[in-house]
Amino acid sequence: MKEKSGQVHSLLTEESVAAFVRERTDYFEEKAELTVEEIGDGNINYVFRVKDRESGKSLIVKQADKLLRSSKRPLALYRSRIEAFILKLYGESVPDFVPRVFCYDEAMAALIMEDISTYQNLRTALREGKRFPDFSKQISSFLVRALFPTTDFVMDRMEKKRRVASFINPELCDITEDLVLTEPYFDYKGRNIITEGMEDFVRERLYQDTSLHEAVAELRFLFMNKAEALLHGDLHTGSIFVNNEGMKVIDPEFAFYGPMAYDIGNVIGNLSFPLVRDIFKKDRKDFTIWLKRTMAEIFDKVREGLIQSFDMVSIPLYNSLFREAYVNQVMKESLGFAGTEMIRRVVGDAKVAEMSEFVSLSEKIRAEKILIEFGIFLIKGNFEKIDGNQVIRELERVVGLYEADGQTG
Ligand code: SR1
Ligand code: MG
């Protein structure tokens, strides 16, 4: 890695990015002819692929700007430093599941990292109906190995508190606190985007249900106050890449010390979007069966992995009674956050691609009602211990309510 100091932040362009990479790494040969493509499709940052035309070797440059890419609202650059640090930590705890980072330039808020284009974005792959038999094993392993060792069950207590302080991420947390955990139920900024025909349903089920508000408030309070583990913070299917050999996780810029259930719930919640889109399609039966099994397996494997992780814990107070109660609580909270994710992608202003792909408005409405109804069930959490199969049976119960036509409910 080459050092470069005294620089101020400026946005990279397709013209300047190759020189930027050459100045900071020795990855490409001097004579290599480099091509550059801007490939970012998210709301927040800029992403470039730099490639040696002849050898095909390539790298990714990800740069944060002071203004959000989509809305041009201001957003602090320190998120890029947090992302670089987390990728470095993941490089130690889950090296098989993250791209290699070659250089982080703090002044430019830019990361130069391994190109993972032999992997496909999971959201895109699921939209295409692809199945990945090992995904439940891989993502559960990632969640358990990335989260549990950052808790003070395992970490030195003083060091853990230092980490809580150094990963404070107020601006990115603020986005989640509003977009995910407030506005879908209380549209105080007037930013919700409601599908035509869903207005009454949203008002009655989300804006007026006081017992739902109480349950969401508990999750919001947890998100803001439970400094339990170092989270990825935005672990939706667009942050995960897969192929038949493996899985990579990217984009941990929302990372902070929060409830580990937020990451677990985000994964489970995001699998529900391709599921509801395809659930009534006869030609996607095998896909939806696999997806439901995958959701159930993730739930069960994470639970099992967390229980087993207590083998690393040396303090005898954390006995089997504590472990069982603690992990049950984490899993219950995970379902709650899966529910808030399902609902926020339906009514909030950061949508997902799956939900804009319906052939008819009535099918879209039916899918949105299923997500809201199931999301509410998960958030209210009127169940004690639950396993993956029971979660899926509850989902099927809700789907059954809307089986006949798109306007039920
Ligand atoms: C303005 S950011 C909108 C959403 O994109 C990110 O990936 C997070 O999910 C956030 O809620
Ligand atoms: Mg992101």
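Whatever order the structure lists ligands and atoms in, that order sets their numbers, starting from 1. Starting from 1, each residue takes its place in the sequence as its number.
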Looking only at side chains, do Thr151 and Glu228 share a donor and an acceptor under 3.5 Å apart?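 Short answer, no.
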Donor on one side chain, acceptor on other, Asp178 and Tyr188, under 3.5 Å: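 Note: Asp178 and Tyr188 side chains meet the donor-acceptor criterion.
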Protein contact of [atom] - nearest heavy atom, named by residue and atom, plus distance:
atom                   : answer
atom 2 (S) of ligand 1 : Ile44 CD1, 3.9 Å
atom 7 (O) of ligand 1 : Asp234 OD2, 2.5 Å
atom 1 (C) of ligand 1 : Leu68 CD1, 4.0 Å

Between Ser272 (side chain) and Gly269 (backbone), is there a donor-acceptor pair under 3.5 Å?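 Yes, Ser272 side chain to Gly269 backbone: donor-acceptor pair under 3.5 Å.
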By number and element, which atoms of ligand 1 are closer than 4.0 Å to a non-hydrogen atom of Leu179?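 The list of qualifying atoms is 3 (C), 11 (O).
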With a distance cut-off below 6.0 Å to the six-membered ring centre and an angular limit of 45° from the axis, does Arg127 pair with Phe273 as a cation-pi contact?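 Not satisfied by the 6.0 Å and 45° rule.
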Taking the six-membered ring of Phe97, is the NZ or CZ of Lys248 close enough (under 6.0 Å from the centre) and on axis enough (within 45°)?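 No cation-pi geometry.
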Answer yes if the ring centres of Tyr207 and Phe201 are under 6.0 angstrom apart, and no otherwise.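 Ring centroids of Tyr207 and Phe201 are no less than 6.0 Å from each other.
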Considering only heavy atoms, does Arg344 approach ligand 1 within less than 4.0 Å through its side chain, its backbone, both, or neither?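 Side chain only.
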Is ligand 1 under 4.0 Å from a heavy atom in the side chain of Arg345, in the backbone, in both, or in neither?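 It is the side chain that touches ligand 1; the backbone stays farther off.
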Polar contacts were defined as any N/O atom of the residue lying under 3.5 Å from an N/O atom of the ligand; does this apply to Asn43 and ligand 1?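 Indeed, backbone or side chain, Asn43 has an N or O that close.
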